[in-house]
Amino acid sequence: MTHSLEDNMDFLTEAMTRLNGSLDMKESLVHTFDFLEKHFPIDAISLHQYSNDLKSLNLLFLVQSGRFDFVEMSVPLSETDARSLFLHNAGVSGVINTPNNRKESVASLHSNALRSLVPFKERGYLVCILRSEEKILGHLCLMGKHLGCFTREHEQKFELLLTPFALAMSNLLQYKRTLEFQSKLREERDELEKNLESLRGRHVIGERGGLKSTMDVVRQLEDRELPALILGETGVGKELIADAIQAISPRQNKPFIKVNCGAIPESLVDSELFGYEKGAFTGASVSRPGRFEQANGGTLFLDEIGELPLKAQVRLLRVLQNNEVERIGSTKTIDIDVRVIAATNRNLELMMQKGDFREDLYYRLYVFPIHVPPLRERTQDIPALIYSFMKRVCDELGLDGLPQLPSKTVDRLLKYSWPGNVRELENLVKRGITLSPQGPLYLEELLPQDEGWYIAPEESQSYFEKTIDARVEAVLEQHLPKLHLASKLGLSSFEHEGAPDDNSFSSSALPPVIKPLDDTIREAIQAALVQAQGKISGAGGAAELLQLNPNTLRSKMRKMGIRAH
Ligand SMILES: Nc1ncnc2c1ncn2[C@@H]1O[C@H](COP(=O)(O)OP(=O)(O)OP(=O)(O)O)[C@@H](O)[C@H]1O
């Protein structure tokens, strides 16, 4: 029995009204399904595409009673299946009626792939190709309720729907692409926000606490162009301070280029900093600007400046003095206008004394020194730092809420000596949360197990003091033979002017006097103090005589109860 023209018109009008009934395509398709369910024996409608390149069936979405799903599943096809589908694509634009999905290989794969959403069973399939402007949108598939359920009349009715469905699908696919685009934009925006955060400088924790005096100095640089030198142990936050300086600098929106001088092999330092011309050396197949040129108009952050080899220091100084660079392999000078912020964890003064750091470069950089204290000297910042790192790590791992942190853990962390400083604390929190995302975080269990590492003055010697001891002992070891000789000879100082040098006395001639090491250290310090007339730091001071950092010497003297007089 064929339907009258009037019936067909009514059917088509209602189907189109439903298809276009809502701005939300998913809702429209669910309403359309409710209507079609009255005219076709169907459980679901799906759309899929065939990819000739990948030889796969790509499932796109599924509509059922009261439900819409974007499916996004790819089903690989055999060569024969692919060929059979390709035939459909190429020629047939009508409806294909498959009485039993199990007997037709592609329909069977399709049913199987969707079995988590629509119960798998033997059923009829009615499939047609939807096209828009000669482009294949996909295969629309009516998934029947049972075997051989679609008749010739169903095929005819289905054919009436092809054009309105093609239009609707075209809109839906466009809508899906828009959603994907939106989510990609959202991801990119999040990424950019993160980058912006690091460009602007992350929030400096402790700016009103343990870093207050450091940040007071930083704020003096606001809107100023002065070079800055950031000094502090490794991992204390020197780079963060450099970011903070950049964020309040008149060059805040100009290039901010960071170079870790310690990470560049010595042979590449010059080309990295100053650039090179094509053919300047083997492998220079193109010309490349150096970091100075890249930072032109902005700021260059030279991290670990103390690691810069002497030769590169000479070139760096010349660039800073003349405000121009020459690429390797070129005689042309390029004017540059770069503000330099440098940082180091090395004692540049000591390096200078040993000839490892150029004095002229030192004074060029040492215009505005900024000291960043180690974490063990600002333990009041530890709780806020832990909280901030916990938040950061949980955000990164997509965890809801923060894990519990026992107060005894915080107490323990306050007593620890933090040789690796803030970075060590950050890594500890990261490790803790990775191992136990739900908490509680017993971070103290992840610290080095040697109890001597904890700062607990009443219980044990601090890590810092141990480091000082090791340094003092190493230095004194060098001087012990002289010292023994000096004491044997009754000299007031083992470096007494005119004292015999090492070669004048052989150890076989005078056997060394063995004393407790502490006594020897005490004597060496006292001897140096006598010779330096009580002066500790500066030229001719006891620290220089002992080749020690003045602070290290002061700390040792305090510990041993030695006074300078
Ligand atoms: N005050 C702080 N507030 C928030 N995070 C901090 C702070 N200090 C350091 N950090 C974090 O600790 C880590 C180490 O800091 P940073 O890299 O700035 O140290 P550094 O002194 O430059 O290290 P290095 O000596 O190895 O170059 C970074 O992840 C940084 O964000």
Side-chain angles (χ1 to χ4, degrees), residues 193-219 221 228-249 256-264 291 299-308 340-348 351 357 365 369-397 402 410 413-414 416-434 443 446-447 463-464 467:
E193 265 173 11
K194 256 194 236 157
N195 290 347
L196 204 64
E197 190 188 20
S198 74
L199 275 177
R200 281 201 184 122
R202 279 183 179 158
H203 177 56
V204 178
I205 293 172
E207 56 184 322
R208 292 204 196 94
L211 285 180
K212 185 172 177 317
S213 44
T214 303
M215 290 309 285
D216 286 346
V217 178
V218 167
R219 271 187 284 274
L221 280 174
L229 179 63
I230 307 168
L231 303 159
E233 290 174 23
T234 184
V236 281
K238 295 187 294 297
E239 189 176 339
L240 197 71
I241 297 296
D243 290 342
I245 297 173
Q246 171 67 5
I248 55 168
S249 123
F256 183 36
I257 304 290
K258 297 181 177 183
V259 184
N260 184 340
C261 303
I264 316 170
R291 298 301 200 165
T299 307
L300 184 64
F301 175 51
L302 295 173
D303 201 2
E304 297 195 27
I305 187 107
E307 311 306 318
L308 211 57
V340 169
I341 301 177
T344 183
N345 56 22
R346 304 277 295 270
N347 183 334
L348 293 185
M351 289 182 71
F357 202 83
L365 298 171
I370 299 169
H371 294 267
V372 189
L375 187 55
R376 65 180 168 276
E377 285 175 16
R378 47 182 167 111
T379 46
Q380 74 267 40
D381 298 341
I382 288 179
L385 282 165
I386 299 176
Y387 174 75
S388 142
F389 294 144
M390 279 169 65
K391 238 173 119 327
R392 200 188 294 172
V393 176
C394 287
D395 279 355
E396 277 168 17
L397 297 178
L402 297 184
V410 180
L413 298 191
L414 289 174
Y416 181 63
S417 64
W418 300 109
N421 280 301
V422 186
R423 182 177 293 111
E424 190 186 4
L425 175 61
E426 183 177 10
N427 290 341
L428 186 80
V429 173
K430 256 188 214 160
R431 230 176 321 137
I433 298 183
T434 313
L443 299 178
L446 303 174
L447 288 170
Y463 164 81
F464 189 47
T467 316

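Whatever order the structure lists ligands and atoms in, that order sets their numbers, starting from 1.
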So, are Arg346 and Glu307 salt-bridged, with charged N and O less than 4.0 Å apart?
yes
Structural part of Leu211 in contact with ligand 1, heavy atom criterion under 4.0 angstrom
side chain
If you measure every N/O of Glu304 against every N/O of ligand 1, is any gap under 3.5 Å?
no
Check if Asp243 has a non-hydrogen atom at a distance under 4.0 Å from any atom of ligand 1.
no
Could you state the interatomic distance from CD1 (Ile241) to CD (Glu207), rounded to the nearest 0.5 Å?
9.0 Å
What verdict does the salt bridge (Lys or Arg N to Asp or Glu O under 4.0 Å) test give for Asp243 and Lys258, after you've listed the backbone C-alpha separation in whole Å, the side-chain angles of each residue and the deciding distance to 0.1 Å?
CA-CA 10 Å; Asp243 290 342; Lys258 297 181 177 183; 2.8 Å; yes
With respect to Val422, determine whether any N or O atom, backbone or side chain, lies less than 3.5 Å from an N or O atom of ligand 1.
no
Just checking Arg208: does its CZ atom have more than 12 heavy atoms from other residues, nucleotides or ligands closer to it than 6.0 angstrom?
no
Show me which atoms of ligand 1 lie under 4.0 Å from any heavy atom of Glu426.
11 (C), 12 (O), 13 (C), 28 (C), 29 (O)
Counting only heavy atoms, tell me which of Val236, Leu240, Thr214 gets closest to atom 4 (C) of ligand 1.
Leu240
Might you point out which heavy atoms bring Gly306 and Phe357 nearest each other, and give the distance in Å?
CA-CE1, 4.2 Å
Numbering the atoms of ligand 1 from 1, which are under 4.0 Å from a heavy atom of Thr234?
24 (P), 25 (O), 26 (O)
For ligand 1, which atoms have a heavy atom of Leu385 less than 4.0 angstrom away?
2 (C), 3 (N), 4 (C)
With heavy atoms only and a cut-off of under 4.0 Å, state how Asn260 meets ligand 1: side chain, backbone, both or neither.
neither
When you look for heavy atoms under 4.0 Å from ligand 1, do you find them on the side chain of Asp303, its backbone, both, or neither?
side chain
Polar-atom distance check: Val204 versus ligand 1, any N or O pair below 3.5 Å?
no
Could you grab the distance from atom CD1 of Ile386 to atom CD1 of Ile205, nearest 0.5 Å is fine?
10.5 Å
Which pair of non-hydrogen atoms, one from Leu402 and one from Cys394, has the smallest distance, and what is that distance?
CD2-SG, 3.9 Å
If you look at every heavy atom in Ala343 and Leu229, which pair is closest and at what distance?
N-CD1, 4.4 Å
Is it the case that ligand 1 has an N or O less than 3.5 angstrom from some N or O of Asn345?
no
Tell me the closest heavy-atom pair linking Ile248 and Val218, and the distance in Å.
CD1-O, 3.5 Å
Would you check the N or O atoms of Gly235, main chain and side chain alike, for any that come under 3.5 Å of an N or O of ligand 1?
yes
Out of Arg378, His203, Glu239, who gets a non-hydrogen atom closest to atom 22 (O) of ligand 1?
Glu239
